[in-house]
*Asks:* 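Before I ask anything, here is the structure I am working with.
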Amino acid sequence: MTGLDPALHRVLVLNGAAAGEGAFGLLAALDGAAVLALREVPGRGAAEHFATLAREVLHESGWPEGPEAIVAVAGPGSFTGLRAALALAAGLSMGYGCPGVAVTLGAALREMDGAAGAACLTIARRGRCFVDDGLNAPYAAAPEEIVLPAGVTAVTGDALGWFDPERFAGVRRLGVTRPDARAILSAARRGPLLPLQPLYVDPPEARLPEGGLRPVPV
């Protein structure tokens with residue numbers, strides 16, 4: 001799928017991908033490049049507030065007819081944050097009858113000033129980070145397992161503290177840790193676009209009971 005149609009100006013943006021100590025939720029209403037309303041909620045409980053924040057942002061946007069498109073970050077990132085943001089994005093897309101699309105966290109980060117072409121390192125679980133170099137599928141790795149393709153000259157993201165510059169001569173660390181609303185929309189305009197489904201790198205930890213699910217009484 002190509003990028004989001006530039007003729008769609010009223011866009012609601014959601015991001016629930018950030019994990020770990022830097023977890024946060026972002027919702028914004030944009031008209032072209034202008035941010036009409038913005039909410040950023042730090043902390044791991046941000047996903048609980050997405051529905052309320054969306055209501056506030058849409059009210060402040062002054063769009064009585066609603067958004068023309070919904071753009072969300074698909075991941076990789078927080079399991080709970082991604083599910084909450086993407087489920088809300090899908091519901092709003094269906095309710096308003098407008099396109100709902102997603103972009104990767106790495107694609108959004110690379111739209112930040114000075115970050116074009118950078119590999120993105122973001123916090124994962126168990127002392128690892130997600131690596132998105134823009135060329136290969138994102139993967140999770142311990143700091144010593146990070147592999148960057150030739151030609152990458154910079155890294156960005158919220159896991160830069162785990163990056164060892166001695167292993168990658170000539171690769172510099174940028175100060176960008178997360179994408180803003182404009183960068184997320186810019187990534188959608190550029191494409192490629194993804195469906196509103198979580199981009200999981202690790203398999204879910206939830207397991208079905210050994211005896212299977214119990215039937216629901218009728």
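Just so it is clear, the values below take in all heavy atoms, side chains as well, and ignore hydrogens, waters and symmetry mates.
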*Asks:* Using every non-hydrogen atom in the two residues, find where L30 and A181 come nearest and quote the distance to one decimal.
*Replies:* CD1-CB, 4.0 Å

*Asks:* Identify the heavy atoms of F50 and G25 that sit nearest to each other, and give their distance.
*Replies:* CE2-CA, 3.7 Å

*Asks:* Going by the rule salt bridge (Lys or Arg N to Asp or Glu O under 4.0 Å), which residues pair with R190 if we only count those two or more places apart in sequence or in a different chain?
*Replies:* E111

*Asks:* Thinking salt bridges, do R10 and E65 make one under a 4.0 Å N-O criterion?
*Replies:* yes

*Asks:* Between D31 (side chain only) and A34 (backbone N and O only), is there a donor and an acceptor less than 3.5 Å apart?
*Replies:* no

*Asks:* For a side-chain contact (heavy atoms from CB on, under 4.5 Å) check, start with the C-alpha distance between L12 and V57, then their side-chain angles and the critical distance, and finish with the verdict.
*Replies:* CA-CA 9 Å; L12 181 68; V57 165; 3.8 Å; yes

*Asks:* For the atom pair CE (M94) and CD1 (I70), what is the distance rounded to the nearest 0.5 Å?
*Replies:* 12.0 Å

*Asks:* Identify, with sequence neighbours excluded, every residue that meets ring-ring contact (aromatic ring centres under 6.0 Å, His included) alongside F168.
*Replies:* F163

*Asks:* Could you tell me which residues satisfy side-chain contact (heavy atoms from CB on, under 4.5 Å) with H59, sequence neighbours excluded, listed by chain and number?
*Replies:* none

*Asks:* Within a strict 4.5 Å, meaning less than it, do heavy atoms of the L193 and V103 side chains meet?
*Replies:* yes

*Asks:* Quick check: do V101 and P195 have side-chain heavy atoms less than 4.5 Å from each other?
*Replies:* no

*Asks:* Among residues at least two apart in sequence or on other chains, which ones pass side-chain contact (heavy atoms from CB on, under 4.5 Å) with V176?
*Replies:* L109, M112, T156

*Asks:* Can you confirm whether D113 is buried at CG, in the sense that more than 12 heavy atoms of other residues, nucleotides or ligands lie under 6.0 Å from that atom?
*Replies:* no

*Asks:* Looking at OH of Y139 and CG of D132, how far apart are the two atoms once the value is rounded to the nearest 0.5 Å?
*Replies:* 10.0 Å

*Asks:* Got L58 and P67 here, is their nearest side-chain heavy-atom distance under 4.5 Å?
*Replies:* yes

*Asks:* When rounded to the nearest 0.5 angstrom, what distance separates CH2 in W63 from CD in E68?
*Replies:* 8.0 Å

*Asks:* Hey, does E60 have a side-chain heavy atom less than 4.5 Å from the side chain of R55?
*Replies:* no

*Asks:* Return the minimal non-hydrogen interatomic distance between R189 and V11, and the atom names on each side.
*Replies:* NH2-CG2, 4.2 Å

*Asks:* Looking only at heavy atoms, what is the nearest atom pair of A72 and L196, with distance?
*Replies:* CB-CD2, 4.0 Å

*Asks:* I need the minimum non-hydrogen distance between A159 and I123, along with the two atoms involved.
*Replies:* CB-N, 3.9 Å

*Asks:* With E166, which residues qualify under salt bridge (Lys or Arg N to Asp or Glu O under 4.0 Å), at least two apart?
*Replies:* none

*Asks:* Using a 4.5 Å cut-off on heavy atoms from C-beta on, say whether the side chain of P138 contacts that of L199.
*Replies:* yes

*Asks:* So, taking the atom named CG in D180 and the one named OG in S186, what distance separates them when rounded to the nearest 0.5 Å?
*Replies:* 9.5 Å

*Asks:* Are V71 and L92 joined in one hydrophobic group, where the rule is that I, L, V, M, F, W and Y side chains link up if heavy atoms are under 4.5 Å apart?
*Replies:* no

*Asks:* Checking T177 side chain against D158 main chain: does a donor-acceptor pair fall under 3.5 Å?
*Replies:* no

*Asks:* For the pair R173 (side chain) and L160 (backbone), establish whether a donor and an acceptor sit closer than 3.5 Å, ignoring hydrogens and angles.
*Replies:* yes

*Asks:* Considering only heavy atoms from C-beta outward, does the side chain of L26 approach that of L14 to under 4.5 Å?
*Replies:* no

*Asks:* Tell me if a side-chain donor or acceptor on R110 pairs with a main-chain N or O of A118 at a distance below 3.5 Å.
*Replies:* yes

*Asks:* Closest heavy-atom contact between G66 and Y96?
*Replies:* CA-CE2, 3.6 Å

*Asks:* Of all residues at least two apart in sequence or in a different chain, which pass the salt bridge (Lys or Arg N to Asp or Glu O under 4.0 Å) check with R128?
*Replies:* D202

*Asks:* Under 4.5 Å between any side-chain heavy atoms of T153 and V171, yes or no?
*Replies:* no

*Asks:* To the closest 0.5 Å, what do you measure between CG (L105) and OG (S78)?
*Replies:* 11.5 Å

*Asks:* Determine, stepwise, if the pair L148 / I146 fulfils side-chain contact (heavy atoms from CB on, under 4.5 Å).
*Replies:* CA-CA 7 Å; L148 299 179; I146 296 173; 4.1 Å; yes

*Asks:* To the nearest 0.5 Å, how far apart are CD in E40 and CG in L27?
*Replies:* 10.0 Å

*Asks:* Are L121 and V152 in one and the same hydrophobic cluster, where Ile, Leu, Val, Met, Phe, Trp and Tyr link if side-chain heavy atoms are under 4.5 Å apart?
*Replies:* yes

*Asks:* Determine whether a donor-acceptor pair (N or O, by modelled atom type, separation under 3.5 Å) exists between the side chain of S93 and the backbone of C98.
*Replies:* yes

*Asks:* Group every Ile, Leu, Val, Met, Phe, Trp and Tyr by side-chain heavy-atom contacts under 4.5 Å, then state whether L4 and V13 land in the same group.
*Replies:* yes

*Asks:* Compare all side-chain heavy atoms of I184 with those of N15 and state whether any distance is below 4.5 angstrom.
*Replies:* yes

